[in-house]
Asker: 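Mind looking over this structure? Questions follow.
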Amino acid sequence: QVQLVESGGGLVQAGDSLRLSCLASGRTVNWYGIGWFRQAPGKERLFVAGVGWSGDSTYYADSVKGRFTISRDNAKNTVYLQMNSLKPEDTAVYYCARQRTTFRRVEMDRSEYDYWGQGTQVTVSS
């Protein structure tokens with residue numbers, strides 16, 4: 001079993017920054033890609049960013065490209081999402097998830113992820 005716990009969310013103003021963390025425990029996630037998704041009220045859960053197992057490959061949704069940075073520290077079993085220049089439309093619950101297949105390229109489809117955290121709320125006021 002794998003447990004993923006997100007932290008770092010909060011209420012900020014437009015233009016501010018936040019850093020989300022996703023701490024993994026249980027079985028190792030070091031050989032798996034990790035993705036961040038977000039879900040706004042009444043909307044579907046969407047891919048935000050993903051990082052490959054080694055940390056060398058990253059991929060971003062167009063809406064966050066240039067503002068968000070994903071990284072991972074396998075020694076700490078933690079994946080980070082640095083969010084800069086936040087906008088009100090970034091308001092959502094943010095989830096991290098583990099890809100179901102090892103050593104695979106970053107996937108945007110949430111069906112490619114098997115373990116999910118409980119989410120952390122990010123609210124950006126205008």
Asker: Tell me whether Leu23 shares a hydrophobic cluster with Ile70, the cluster being built from Ile, Leu, Val, Met, Phe, Trp, Tyr side chains joined at under 4.5 Å.
Answerer: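 No, Leu23 and Ile70 fall in different hydrophobic clusters.
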
Asker: Working to the nearest 0.5 angstrom, can you tell me the gap between Ser63 OG and Phe47 CZ?
Answerer: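 These two atoms lie 10.0 Å from each other.
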
Asker: Would you check, one step at a time, whether the test ring pair (Phe, Tyr, Trp, His ring centres under 6.0 Å) holds for Tyr32 with Trp53?
Answerer: CA-CA 5 Å; Tyr32 296 83; Trp53 66 276; over 10 Å; no

Asker: Going by salt bridge (charged side-chain N to carboxylate O under 4.0 Å, His left out), name the residues that satisfy it together with Lys43, two or more places apart in sequence or in a different chain.
Answerer: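 Here no residue qualifies.
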
Asker: Quick one, Phe68 and Val48 - any side-chain contact, counting heavy atoms below 4.5 Å?
Answerer: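 Yes; the side chains approach each other to less than 4.5 Å.
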
Asker: Applying disulfide (SG to SG under 2.5 Å) as the test, list every pair that has at least one member in residues 97-126; sequence neighbours left out.
Answerer: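 Sorted result for residues 97-126: empty, none.
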
Asker: If the plane angle is over 60° it's perpendicular, under 30° parallel, otherwise tilted; pick one for Phe37 and Tyr113.
Answerer: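 Plane angle over 60°, so perpendicular.
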
Asker: Find the distance between CH2 (Trp116) and CZ (Arg45) and round it off to the nearest 0.5 Å.
Answerer: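 Here the interatomic distance stands at 5.5 Å.
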
Asker: Could you grab the distance from atom OG1 of Thr58 to atom CZ of Arg72, nearest 0.5 Å is fine?
Answerer: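 The distance works out to 12.0 Å.
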
Asker: What about Val79 and Val64, same hydrophobic cluster or not, with Ile/Leu/Val/Met/Phe/Trp/Tyr joined at side-chain heavy-atom distances under 4.5 Å?
Answerer: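 Yes, same cluster.
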
Asker: Output every pair passing salt bridge (Lys or Arg N to Asp or Glu O under 4.0 Å) with a member in residues 77-94, not counting sequence neighbours, ordered by first then second residue.
Answerer: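 Sorted result for residues 77-94: Arg38-Asp90, Arg67-Asp90.
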
Asker: What pairs of residues pass the salt bridge (Lys or Arg N to Asp or Glu O under 4.0 Å) test when at least one of them lies in residues 111-126, not counting sequence neighbours?
Answerer: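 Qualifying pairs: Arg98-Asp114.
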
Asker: Can I get a per-line list of side-chain donor-acceptor pairs under 3.5 Å for residues 9-22, giving both atom names and the distance, sequence neighbours left out?
Answerer:
from  : atom 1 : to    : atom 2 : distance (Å)
Asp16 : OD2    : Gln13 : N      : 3.1
Ser17 : OG     : Asn84 : OD1    : 2.9

Asker: Given the rule in the side-chain contact (heavy atoms from CB on, under 4.5 Å) test, do Val106 and Val51 qualify, once you have shown the distances and angles that lead to the verdict?
Answerer: CA-CA 6 Å; Val106 175; Val51 60; 5.6 Å; no

Asker: Determine whether Trp36 and Glu6 satisfy the following criterion, side-chain contact (heavy atoms from CB on, under 4.5 Å), listing intermediate values before the conclusion.
Answerer: CA-CA 10 Å; Trp36 283 97; Glu6 304 93 338; 3.8 Å; yes

Asker: Could you pull out all residues at least two apart from Asp56 that satisfy salt bridge (charged side-chain N to carboxylate O under 4.0 Å, His left out)?
Answerer: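 Expected list: none.
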
Asker: Residues in side-chain hydrogen bond (donor to acceptor under 3.5 Å, both in side chains) with Thr123, at least two apart?
Answerer: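 Applying side-chain hydrogen bond (donor to acceptor under 3.5 Å, both in side chains) to Thr123 gives Gln121.
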
Asker: What pairs with Asp73 under salt bridge (charged side-chain N to carboxylate O under 4.0 Å, His left out), at least two apart in sequence or on another chain?
Answerer: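 Expected list: none.
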
Asker: Counting only heavy atoms not in Arg100, do more than 12 sit closer than 6.0 Å to its CZ atom?
Answerer: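 Counting other residues, nucleotides and ligands, CZ of Arg100 exceeds 12 neighbours.
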
Asker: Taking side-chain hydrogen bond (donor to acceptor under 3.5 Å, both in side chains) as the definition, give me every residue that meets it alongside Arg104, ordered by chain and number, with sequence neighbours left out.
Answerer: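 Partners of Arg104 by the side-chain hydrogen bond (donor to acceptor under 3.5 Å, both in side chains) criterion, ordered by chain and then number, come out as Glu107.
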
Asker: Under a 4.5 Å cut-off applied to non-hydrogen side-chain atoms, are Val5 and Gln118 in contact?
Answerer: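 Answer yes - side chains close enough.
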
Asker: Mind checking side-chain hydrogen bond (donor to acceptor under 3.5 Å, both in side chains) for Ser125 and listing every partner two or more places apart, or none if nothing turns up?
Answerer: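 Counting only residues at least two positions away or on another chain, Ser125 forms no side-chain hydrogen bond (donor to acceptor under 3.5 Å, both in side chains).
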
Asker: Mind listing the closest non-hydrogen atom pair of Ala24 and Leu4 along with its distance?
Answerer: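 Looking at all heavy atoms of both residues, the closest pair is CB-CD2, 3.6 Å.
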
Asker: Of all residues at least two apart in sequence or in a different chain, which pass the salt bridge (charged side-chain N to carboxylate O under 4.0 Å, His left out) check with Arg110?
Answerer: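 Partners of Arg110 under the salt bridge (charged side-chain N to carboxylate O under 4.0 Å, His left out) test: Glu44.
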
Asker: So how far is it from Gln39 CD to Tyr94 OH, rounded to the nearest 0.5 Å?
Answerer: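 Output value for this atom pair is 12.0 Å.
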
Asker: Please assess Tyr60 against Thr69 for the test side-chain contact (heavy atoms from CB on, under 4.5 Å), listing each intermediate value before the final yes or no.
Answerer: CA-CA 8 Å; Tyr60 299 93; Thr69 303; 3.8 Å; yes

Asker: Considering residues at least two apart in sequence or located in another chain, which fulfil the side-chain hydrogen bond (donor to acceptor under 3.5 Å, both in side chains) criterion with Ser111?
Answerer: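 Ser111: side-chain hydrogen bond (donor to acceptor under 3.5 Å, both in side chains) contacts with Asp109.
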
Asker: Evaluate Val93 against Tyr95 for side-chain contact (heavy atoms from CB on, under 4.5 Å), listing each step before the verdict.
Answerer: CA-CA 7 Å; Val93 178; Tyr95 301 88; 3.4 Å; yes

